[in-house]
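Below is one structure, written out as structure tokens; comments come after it.
Sequence positions, counted from 1, serve as the residue numbers for this chain.
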Amino acid sequence: MKTMEHVTVPLWRAAHGRTGDKGNRSNISVIAWHPQLYPLIVEQVSEAVVARQFAHRCPTQVARHLLPNLHAMNFVLDDVLDGGVNDALNLDSHGKALSFLLLELPLAVPAELLPLLRGPDH
């Protein structure tokens, strides 16, 4: 969606992610493609926003850890892996695909930062 000053894009246009797991806990990192995008991502991708995005997985807690020197953040989501690798019956018991769900979040980007985005412009 375009406005005069901002364009809303999926988060993956501004950042990439990695996912890890430990027991029933998932760690999802979000790393800005460009340092100038990092403050925008920090402002819009909060613990509450991530908790809403993963509400169907029923996290008992979502914690965000900022890593400004890396232009990244790490989210820790408790109790989202259906019991963990040894207990889960789902196909993605490690939760490796969860970063893709996070990277689908909408991000409002100011027009002057649009050249820093990755992916198609349409």
Side-chain angles (χ1 to χ4, degrees):
M1 174 172 65
K2 291 186 179 186
T3 67
M4 294 298 275
E5 299 174 8
H6 288 82
V7 174
T8 301
V9 299
L11 179 58
W12 62 263
R13 299 265 330 262
H16 58 101
R18 296 278 296 167
T19 308
D21 64 277
K22 190 69 168 177
N24 199 19
R25 173 179 283 169
S26 180
N27 295 291
I28 306 173
S29 62
V30 175
I31 306 107
W33 287 119
H34 192 280
Q36 286 181 291
L37 295 169
Y38 180 67
L40 186 69
I41 296 167
V42 169
E43 176 186 316
Q44 295 182 45
V45 184
S46 66
E47 291 169 338
V49 168
V50 172
R52 280 194 303 274
Q53 184 76 347
F54 286 90
H56 68 286
R57 301 296 297 246
C58 303
T60 56
Q61 181 176 346
V62 175
R64 179 176 79 165
H65 304 279
L66 300 178
L67 305 161
N69 290 338
L70 300 174
H71 313 294
M73 59 179 78
N74 186 52
F75 287 94
V76 180
L77 293 84
D78 288 335
D79 304 312
V80 294
L81 297 177
D82 297 331
V85 174
N86 294 329
D87 294 333
L89 297 177
N90 68 51
L91 294 175
D92 186 19
S93 59
H94 289 279
K96 296 298 183 187
L98 295 182
S99 65
F100 294 103
L101 179 60
L102 182 59
L103 292 173
E104 284 296 321
L105 284 170
L107 187 72
V109 179
E112 64 269 13
L113 296 180
L114 293 178
L116 304 177
L117 298 176
R118 302 287 174 97
D121 290 333
H122 55 293

Item to check | Residue of the set Ile41, Leu67, Ile31 for which side chain to side chain contact (heavy atoms under 4.5 Å, CB included) holds with Met73 | outcome: Ile41

Checklist entry - How far apart are the C-alpha atoms of His34 and Leu113, what are their side-chain angles, what is the distance that settles it, and do they pass the side chain to side chain contact (heavy atoms under 4.5 Å, CB included) test? => result CA-CA 10 Å; His34 192 280; Leu113 296 180; over 6 Å; no

Item to check | Distance-minimising heavy-atom pair for Pro59 and Ala51 | outcome: CG-O, 4.5 Å

Item to check | Interatomic spacing from CG in Leu77 to OG1 in Thr19 - rounded to 0.5 Å | outcome: 9.5 Å

Checklist entry - Is Phe54 close to Val62 at the side-chain level, that is, under 4.5 Å between some pair of heavy atoms? => result no

Checklist outcome for this item: Output for pair (Leu107 CG, Arg13 CZ), nearest 0.5 Å, gives 10.5 Å

Next on the checklist: To the closest 0.5 Å, what do you measure between CG (Leu98) and CG (Asn27)?
Outcome noted: 11.0 Å

Checklist entry - Would you call the rings of His71 and Tyr38 parallel, tilted or perpendicular, where under 30° means parallel and over 60° means perpendicular? => result perpendicular

Checklist entry - Does some side-chain heavy atom of Leu40 sit less than 4.5 Å from a side-chain heavy atom of Pro110? => result yes

Checklist entry - Between atom CZ of Phe100 and atom CG of Leu11, what is the distance when rounded to the nearest 0.5 Å? => result 12.5 Å

Next on the checklist: Do Val7 and Leu37 sit in one hydrophobic cluster, given that two such residues count as connected whenever their side-chain heavy atoms are within less than 4.5 Å of each other, even indirectly?
Outcome noted: yes

Checklist entry - Looking at Val80 and Ser26, what are the two nearest heavy atoms and their distance? => result CG2-CB, 3.7 Å

Item to check | Under 3.5 Å donor-acceptor, Trp33 side chain and Trp12 backbone | outcome: yes

Item to check | Pairwise distance CD(Gln53) to CG(Leu105) - rounded to 0.5 angstrom | outcome: 4.0 Å

Checklist entry - Is there a path from Leu103 to Leu114 through hydrophobic residues (I, L, V, M, F, W, Y) whose side chains come within less than 4.5 Å of each other? => result yes

Checklist outcome for this item: Here the salt bridge (Lys or Arg N to Asp or Glu O under 4.0 Å) pairs for residues 25-53, sequence neighbours left out, are Arg25-Asp78

Item to check | Interatomic distance, Arg57 atom CZ to Asp79 atom CG [nearest 0.5 angstrom] | outcome: 11.5 Å

Checklist entry - Are Leu66 and Val49 connected, step by step, through hydrophobic side chains (Ile, Leu, Val, Met, Phe, Trp, Tyr) whose heavy atoms are closer than 4.5 Å? => result yes

